[in-house]
There are 2 protein chains.
Amino acid sequence: MKIGELSRATGTNIETIRYYERIGLLPAPDRTAANYRSYGDAHRSRLSFVRHSRDLGFTIEEIRSLLDLSDDPARDCGEADRIATAHLEQVEAKIAQLVVLRDELARIVGRCRGGVAADCRVIEALGDHRHCESQH
Amino acid sequence: MKIGELSRATGTNIETIRYYERIGLLPAPDRTAANYRSYGDAHRSRLSFVRHSRDLGFTIEEIRSLLDLSDDPARDCGEADRIATAHLEQVEAKIAQLVVLRDELARIVGRCRGGVAADCRVIEALGDHRHCESQH
DNA sequence: GCTTGACCCTGTAGTTGCTACAGGGTGCAT
DNA sequence: ATGCACCCTGTAGCAACTACAGGGTCAAGC
């Protein structure tokens, strides 16, 4: 299939597919006589793997490691689990951080009573960390 | 004060301060005879405002609008409230998205039973969205 | 046979918010 | 006069794309 079909089949931007090829995440496909990229099923499932992993927030480098692993079926699965577990921990840390931030923001937003900027509680709170209840 | 002092006073990297000046977020300060930047209290509090807002996740452009507002004390505070509220909503959306993602990841990680990559449930799950319980 | 439009190609530059040099100048203490 | 901490400008790098510019290819319809 041509790049446009692969793009539709996987929900990936065409430019992104070419980008993945350039950085070596996808192998360079064969070319037609007109120099068009020509993909097969192996490409499609590899790209689906990449997209799905990206959607789950894995970095390109993590995905590279995961792909290396799955390219070598004799290797130990533990490494995949280690990568995924580390990523899960990062996501949990990020959530915790955003929750603190959200609470602080909600407090700040709730202070607005209208009026002019000179009296604005929102601007005041942003200017001075001492109005905050948490370290962030 | 010189840039190093301002850096220590606000916990901002020196390069970042110069970057903010370059993009017009901080006004260019006076210079000493040796061409060193020389800052006053107004600079320090403006930079604190910027840093605090960045810590709360506001973008540079949002901060620019907030600073414009506070530079013009007669303007209506509603705009500041609108920016902050919109940002709060974004943070809440991001949290919700990360929670879905975390649950999916936790499910994937939990499937690992060791063994070789060929049988790896983690790699299998990443390759095929149909293993997922949610849209993400 | 010629045009139109959809598709494809390469290469480069932009995005966000910094951070990290390289290659130089300044100021003060020893 | 020599070391060291500090300052300057300008440019390039990071992640993960995205968006052109400027060109080639191909099938359909007139």
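Proteins come first, then strands; the chains are lettered A, B, ... in the order of their sequence lines, and each starts at number 1. What you see below is based on every heavy atom in this structure, not just the backbone, and it leaves out hydrogens, waters and symmetry mates.
- In this model, no donor atom of one side chain and acceptor atom of the other lie less than 3.5 Å apart for A:Arg46 and A:Tyr20.
- At whole-Å resolution of the value, NZ in A:Lys2 and P in C:dC9 are 9 Å apart.
- Nucleic acid contact for B:Thr32: none, since no nucleic acid atom lies under 4.0 Å from a heavy atom of the residue.
- Remark: P of C:dT16 and CD1 of B:Ile23 are 10 Å apart, rounded to the nearest angstrom.
- Of the side-chain N and O atoms in B:Thr16, one or more sit less than 4.0 angstrom from OP1 or OP2 of C:dT19.
- Here the P atom of nucleotide D:dG24 and the CZ atom of A:Arg31 are 16 Å apart, to the nearest Å.
- Rounded to whole Å, atom C1' of C:dC8 lies 14 Å from atom CG of A:Leu6.
- Of the side-chain N and O atoms in B:Asn35, none sit less than 4.0 angstrom from OP1 or OP2 of D:dC8.
- OP1 and OP2 of C:dC8 both lie 4.0 Å or more from every side-chain N or O belonging to A:Arg37.
- Contact check on A:Glu104 versus A:Arg107 returns a salt bridge, with a Lys/Arg side-chain nitrogen under 4.0 Å from an Asp/Glu carboxylate oxygen.
- Using a 4.0 Å cut-off, no side-chain N or O of B:Arg18 falls inside it from OP1 or OP2 of C:dT19.
- Between A:Arg18 and A:Glu15 a salt bridge is recorded (basic side-chain N to carboxylate O distance below 4.0 Å).
- Look at B:Arg51 and you'll find a side-chain N or O under 4.0 angstrom from OP1 or OP2 of C:dC18.
- A residue-by-residue look at A:Tyr36 and A:Tyr19 shows that A:Tyr19 has its nearest nucleotide of DNA chain D further toward the 5' end.
- Looking at B:Phe58 and A:Leu126, their side chains come closer than 4.5 Å, going by heavy atoms from C-beta outward.
- Not one side-chain nitrogen or oxygen of A:Arg22 sits closer than 4.0 Å to the OP1 or OP2 atom of D:dC17.
- Taking atom CD of residue B:Glu21 and atom C1' of nucleotide C:dG17, one finds them 17 Å apart after rounding to whole Å.
- B:Arg64 has a carboxylate O that lies under 4.0 Å from a charged side-chain N of B:Glu61, or vice versa, which qualifies the two as a salt bridge.
- Distance from the side chain of A:Tyr20 is smallest for D:dC17 among the nucleotides C:dT26, D:dC7, D:dC17.
- Remark: C1' of C:dT15 and CG of A:Asn13 are 14 Å apart, rounded to the nearest angstrom.
- Protein atom CD of B:Glu15 is 14 Å distant from nucleotide atom C1' of D:dC14, rounded to whole Å.
- Not one side-chain nitrogen or oxygen of B:Arg64 sits closer than 4.0 Å to the OP1 or OP2 atom of C:dG17.
- Put simply, CD on A:Glu61 is 12 Å from C1' on D:dC14, counting in whole angstrom units.
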